[in-house]
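Following: one structure in structure tokens, then a few remarks.
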Protein chains: 2
Amino acid sequence: MASAAEFDRVFAALADATRRDIVRRAIAGEEGVAELADHYPMSFAAVQKHVAVLERAGLVTKQRIGRRKVVRTNVVGLHAAQRLLDRYEELWRGRVDRMTNLITDTRERTT
Amino acid sequence: MASAAEFDRVFAALADATRRDIVRRAIAGEEGVAELADHYPMSFAAVQKHVAVLERAGLVTKQRIGRRKVVRTNVVGLHAAQRLLDRYEELWRGRVDRMTNLITDTRERTT
DNA sequence: GCATCATACAACCGTATGGTTGTACCGATG
DNA sequence: CATCGGTACAACCATACGGTTGTATGATGC
């Protein structure tokens with residue numbers, strides 16, 4: 001189970017379009033940092049920082065291959081975020097069910 | 001489909017423990033801003049700002065009831081985030097499948 | 001109409017964030 | 001071993017963010 005601080009990092013990491021695109025590209029898991037940087041209108045260092053943010057959030061990993069470091073998205077990190085949203089969803093459904101019951105009860109009582 | 005800026009707002013809104021807790025509490029949809037504020041060790045104004053961030057992200061709505069404004073989580077906003085994560089998940093699965101095929105092909109060729 | 005509860009918003013402050021440039025390190029290759 | 005490609009990191013800058021206090025607006029109850 002992820003701590004509050006971990007959720008903070010995961011969602012903060014996903015709250016940037018460039019980083020989301022890096023996550024998407026890193027699913028293929030074939031590009032190094034410099035190759036990723038070519039896709040974006042910013043310096044290499046900026047992209048490197050974005051990758052570092054994603055890495056700290058546990059959303060990607062880096063593996064040295066030759067002189068490059070290939071960036072790969074870590075599906076485990078994504079799952080943490082997914083599970084939190086799913087829990088909200090469950091709670092929401094529970095609430096809706098309870099309201100439905102309430103309405104049903106009322107109907108039964110009033111009919 | 002949500003735009004990049006909308007995703008930015010949704011994930012940024014979720015990247016704070018207090019705001020996530022407000023979302024959770026607002027699922028019940030019974031507390032006003034002042035009542036929510038009682039749960040947290042910060043000023044009323046701070047909580048109000050958090051609610052405003054969630055509102056701008058489309059994660060909660062406010063409805064005037066008497067002199068209060070009841071905060072309710074908007075499940076549609078959550079769905080936007082969920083769908084993005086699900087898409088990453090799909091892409092990831094696709095990649096794994098492709099790799100599996102590749103390995104299978106190789107085996108078939110080498111046997 | 002007045003006091004009051006609930007909300008809204010502006011101004012301010014410290015720190016975090018996203019970007020830049022510059023420098024240093026590491027590994028492959030001639 | 002000298003060079004070069006790829007990465008890492010520090011220093012710096014502007015702006016955004018999370019918090020505060022103070023003031024204003026709005027709906028309720030007497």
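So that the names make sense, note that chain A is the first sequence line, chain B the second, and so on, each numbered from 1.
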Any residue meeting salt bridge (charged side-chain N to carboxylate O under 4.0 Å, His left out) with B/R20, in chain and number order, not counting sequence neighbours: A/D8
Residues which pass side-chain contact (heavy atoms from CB on, under 4.5 Å) with A/A52, listed by chain and number, not counting sequence neighbours: A/R56
Where protein sits on nucleotides 23-30 of chain C, one letter per nucleotide: B base, S sugar-phosphate only, - none, heavy atoms under 4.0 Å: ----BBS-
For the student: nearest non-hydrogen atoms of B/V51 and B/L36, plus distance: CG2-CD1, 4.4 Å
Set of residues satisfying side-chain hydrogen bond (donor to acceptor under 3.5 Å, both in side chains) with respect to B/Q63, sequence neighbours excluded: B/R72
Summary of side-chain hydrogen bond (donor to acceptor under 3.5 Å, both in side chains) pairs that have at least one residue in residues 43-53 of chain A, sequence neighbours excluded: A/R19-A/H50
B/K69 side-chain N/O to C/dA8 phosphate OP1/OP2 under 4.0 Å: yes
Nucleic acid contacts of residues 27-56 of chain B, taken as heavy-atom distances under 4.0 Å to DNA chain C: B/G32, B/V33, B/A34, B/F44, B/A45, B/Q48, B/K49
Closest non-hydrogen atom pair between A/A13 and A/L54, with its separation: CB-CD2, 3.9 Å
Members besides B/I65 in its Ile/Leu/Val/Met/Phe/Trp/Tyr cluster (side-chain heavy atoms under 4.5 Å): B/V70
Residue pairs involving residues 59-69 of chain B (criterion salt bridge (Lys or Arg N to Asp or Glu O under 4.0 Å); sequence neighbours excluded): B/E35-B/R68, B/E55-B/K62
Residues from residues 3-26 of chain A lying under 4.0 Å of DNA chain C - heavy atoms: A/R19
Side-chain donor-acceptor pairs of residues 75-83 of chain A under 3.5 Å, sequence neighbours excluded:
{"from": "A/H79", "atom 1": "NE2", "to": "B/E89", "atom 2": "OE1", "distance (Å)": "2.9"}
{"from": "A/H79", "atom 1": "NE2", "to": "B/E89", "atom 2": "OE2", "distance (Å)": "3.2"}
{"from": "A/Q82", "atom 1": "NE2", "to": "B/D86", "atom 2": "OD1", "distance (Å)": "2.9"}

Pairing residues for A/A12 by the side-chain contact (heavy atoms from CB on, under 4.5 Å) criterion, not counting sequence neighbours: B/A15
